[in-house]
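Computed from a predicted structure; not experimentally measured. Position 1 is the first residue of the sequence; numbering continues from there.
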Amino acid sequence: MDTNKLKKMYEKMPEVVKDVLAMPIHRGLVGNKTFLSQMCELDASEAMSEDQLAELQLGKLRDLCAYCYAASPFYKRRFDEAGVCPETVNFDSFATLPLLDKEQVLINYDEISVPIPGEGSYAAETGGSTGRRLVVMNSDECFYRENAFAMHFYGTLGYDFRRSKLAYFGGDGSTLVTTSPLYRMVRCNTKLLNEGNLEEAVRRIDAFAPDYLRGLTSSVSFFAQLLIQTGVRLRKKPKGVFLQSENVHPYQLRQFEEAFGCPVRISYGSTERTVFGEQVEWDGNTPVYKFNRLYGLTEIVDEHIVGTGFINRRMPLLRYTIDDAVEPRAGGYAIRGHRNVPVVGRNGEHISTASLCDLGESASSLLSFQFVQDEPGRLRMDYIAASELDDTEKDALLRSLGSKFMGNMKCELRRVDALQLTPRGKRTLLIQRLDIGQ
């Protein structure tokens, strides 16, 4: 079934109808041939040696390189200029190809984002720490493979992709709690969550009786913080917490232990679909990751992640640099640099900065942008643009921001010549000047 149609179908359904059709919709995901094939390959890989995994990974790399050479004029030029043959490429020769960054993707977009005849696609958008917007096109096949990697990783805590139920913390919309039958999941919108509506949210979550919790680290942390402050608890103890996209701090691990009392596992990925990191152990309070070799080829260049993803041929990215640094640890890598400082709403809501990266077409005329918060419920957006925005453009941008916060934030705009840097010279998406209890 077409991914976009499937998503739109369940998003528009009344809650009563969703409950009736929950299982058939869920089977549309876990019964998909691509999903099941990827799950079988992942299961089989668990018994493989490192040499066997490397051989399998190299085969996937050669297939991808041959495809890119034939389908993309941009990559054909890169291989020819480097003197690398796609069909016989190995890990050493592949490393002689130039690195790829977001700016180069934007410049060569039409030659890198190549439609696949007969296959649907969907868009994912990233702004990154510099506020530069990149629309990543994903194939429908990528959707199913991505979910297989995630659910296979959840299996480390006993998750059963056919039967287990999740509670997800994060998300958008104007409803505090909704159901998502595609994933057998209930969603709690932490942009709207506060101490005043916590009991109602917990009541709705308890009625769904999830087996596991999942979400952005900052969102799950905020939920745990509210539980601890109020003494409210989930009726059913979760079997595990799955975190994604952000670092985790020691104080958050203490929150999870007090509020949930269950194991925590963390995965690492990117909107560009180039890398999938799986936490394999802890080094003190620091998660240690290994990068899944069936998902892509992950290189470490100058202590930064360079990814080549295998699962998305709609917009393949070869040797793509990611703005996250790593530190070698026993058994894998610790990852530094992923954002997890939230924005604070007027009622104390914690809102992940991940939602601020994508502002849609309203931000298309901006060269870069950054957010600054000095008080709860107020947020300033500093932006760089070639010329001053007119009133229509400002109104569109403020409406886009307003849709992110559902009335919980007063936003203002300010054009600047330069954005603020950290003491280390890094530009961050959010300058947070509030004490958020870390």
Side-chain angles (χ1 to χ4, degrees), residues 15 154 157-159 164-180 183-267 279 282 285 287 339-355 376-377 405-406 408-409 432 434-438:
E15 293 299 313
Y154 298 163
L157 291 183
Y159 176 88
S164 296
K165 296 193 291 184
L166 290 165
Y168 179 85
F169 297 87
D172 294 305
S174 58
T175 306
L176 181 62
V177 179
T178 57
T179 56
S180 178
Y183 303 101
R184 279 179 66 84
M185 186 165 69
V186 61
R187 293 177 178 266
C188 179
N189 187 351
T190 48
K191 292 181 183 178
L192 303 179
L193 185 67
N194 55 55
E195 195 167 320
N197 57 29
L198 174 66
E199 290 191 6
E200 171 62 16
V202 170
R203 184 187 67 79
R204 295 284 305 279
I205 294 170
D206 280 342
F208 187 76
D211 303 296
Y212 298 88
L213 310 183
R214 171 191 163 196
L216 299 172
T217 302
S218 56
S219 297
V220 182
S221 172
F222 179 55
F223 178 66
Q225 175 185 322
L226 290 179
L227 294 183
I228 294 168
Q229 289 175 353
T230 61
V232 175
R233 291 293 186 272
L234 294 171
R235 186 168 60 234
K236 180 179 179 180
K237 180 181 177 180
K239 298 178 182 178
V241 177
F242 301 115
L243 306 176
Q244 60 191 68
S245 299
E246 298 173 333
N247 288 335
V248 61
H249 295 289
Y251 82 93
Q252 293 171 319
L253 292 175
R254 292 193 294 270
Q255 287 177 334
F256 301 147
E257 175 61 31
E258 183 174 350
F260 311 125
C262 62
V264 175
R265 294 289 184 273
I266 312 171
S267 60
Q279 182 207 353
W282 295 93
N285 289 318
R339 55 186 174 270
N340 61 346
V341 179
V343 178
V344 181
R346 65 181 181 183
N347 296 311
E349 303 90 346
H350 280 203
I351 302 164
S352 172
T353 53
S355 66
F405 300 112
M406 305 307 300
N408 293 324
M409 192 79 65
Q432 178 56 273
L434 298 177
D435 180 2
I436 56 174
Q438 294 188 17

If I take atom [atom1] from residue [X] and atom [atom2] from residue [Y], how far apart are they, to the nearest 0.5 angstrom?
{"X": "Leu193", "Y": "Glu349", "atom1": "CG", "atom2": "CD", "value": "8.0 Å"}
{"X": "Tyr159", "Y": "Arg184", "atom1": "OH", "atom2": "CZ", "value": "8.5 Å"}
{"X": "Asp211", "Y": "Lys239", "atom1": "CG", "atom2": "NZ", "value": "5.0 Å"}
{"X": "Leu192", "Y": "Asn347", "atom1": "CG", "atom2": "CG", "value": "10.0 Å"}
{"X": "Cys188", "Y": "Phe223", "atom1": "SG", "atom2": "CZ", "value": "6.0 Å"}

Can you spot which of Thr230, Leu227, Asn197, Val177 makes a side-chain contact (heavy atoms from CB on, under 4.5 Å) with Val202?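 Result: among Thr230, Leu227, Asn197, Val177, Leu227 is the only option passing the side-chain contact (heavy atoms from CB on, under 4.5 Å) with Val202.
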Quickly, which of Ile205, Leu216, Val186, Asn189 forms a side-chain contact (heavy atoms from CB on, under 4.5 Å) with Phe169? Name it, please.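 Single side-chain contact (heavy atoms from CB on, under 4.5 Å) partner of Phe169 among Ile205, Leu216, Val186, Asn189: Ile205.
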Specify the closest pair of heavy atoms between [X] and [Y], including all atoms of both residues, with the distance to one decimal.
{"X": "Ala201", "Y": "Leu176", "answer": "CB-CD2, 3.9 Å"}
{"X": "Lys237", "Y": "Gly261", "answer": "CE-O, 2.8 Å"}
{"X": "Trp282", "Y": "Val264", "answer": "CZ2-O, 3.8 Å"}
{"X": "Leu166", "Y": "Pro210", "answer": "C-CB, 3.7 Å"}
{"X": "Pro238", "Y": "Cys262", "answer": "O-CB, 3.2 Å"}

Who passes side-chain contact (heavy atoms from CB on, under 4.5 Å) against [X], sequence neighbours left out?
{"X": "Ala209", "value": "Lys165, Lys236"}
{"X": "Ala224", "value": "Gln255, Phe256, Ala259, Phe260"}
{"X": "Glu199", "value": "Val232"}
{"X": "Gln229", "value": "Glu195, Gln225, Leu226"}

Going by the rule side-chain hydrogen bond (donor to acceptor under 3.5 Å, both in side chains), which residues pair with [X] if we only count those two or more places apart in sequence or in a different chain?
{"X": "Glu258", "value": "none"}
{"X": "Asn285", "value": "none"}
{"X": "Tyr154", "value": "Arg214"}

Would Ser164 and Tyr212 count as a side chain to side chain contact (heavy atoms under 4.5 Å, CB included) if you check the C-alpha gap in whole Å, the side-chain angles of each, and the deciding distance to 0.1 Å? CA-CA 8 Å; Ser164 296; Tyr212 298 88; 3.8 Å; yes
Inter- and intrachain pairs under ring pair (Phe, Tyr, Trp, His ring centres under 6.0 Å), touching residues 186-206, at least two apart: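 Non-adjacent pairs meeting ring pair (Phe, Tyr, Trp, His ring centres under 6.0 Å): zero.
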Give a yes or no answer on whether the side chain of Gln252 reaches the backbone of Ser218 with a donor-acceptor pair at less than 3.5 Å.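 No.
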Residues that Glu200 engages under salt bridge (Lys or Arg N to Asp or Glu O under 4.0 Å), provided they are two or more places apart: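 Glu200 satisfies salt bridge (Lys or Arg N to Asp or Glu O under 4.0 Å) with Arg203 only.
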With sequence neighbours excluded, give me every salt bridge (charged side-chain N to carboxylate O under 4.0 Å, His left out) pair touching residues 217-234.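 Output for this query is empty, none listed.
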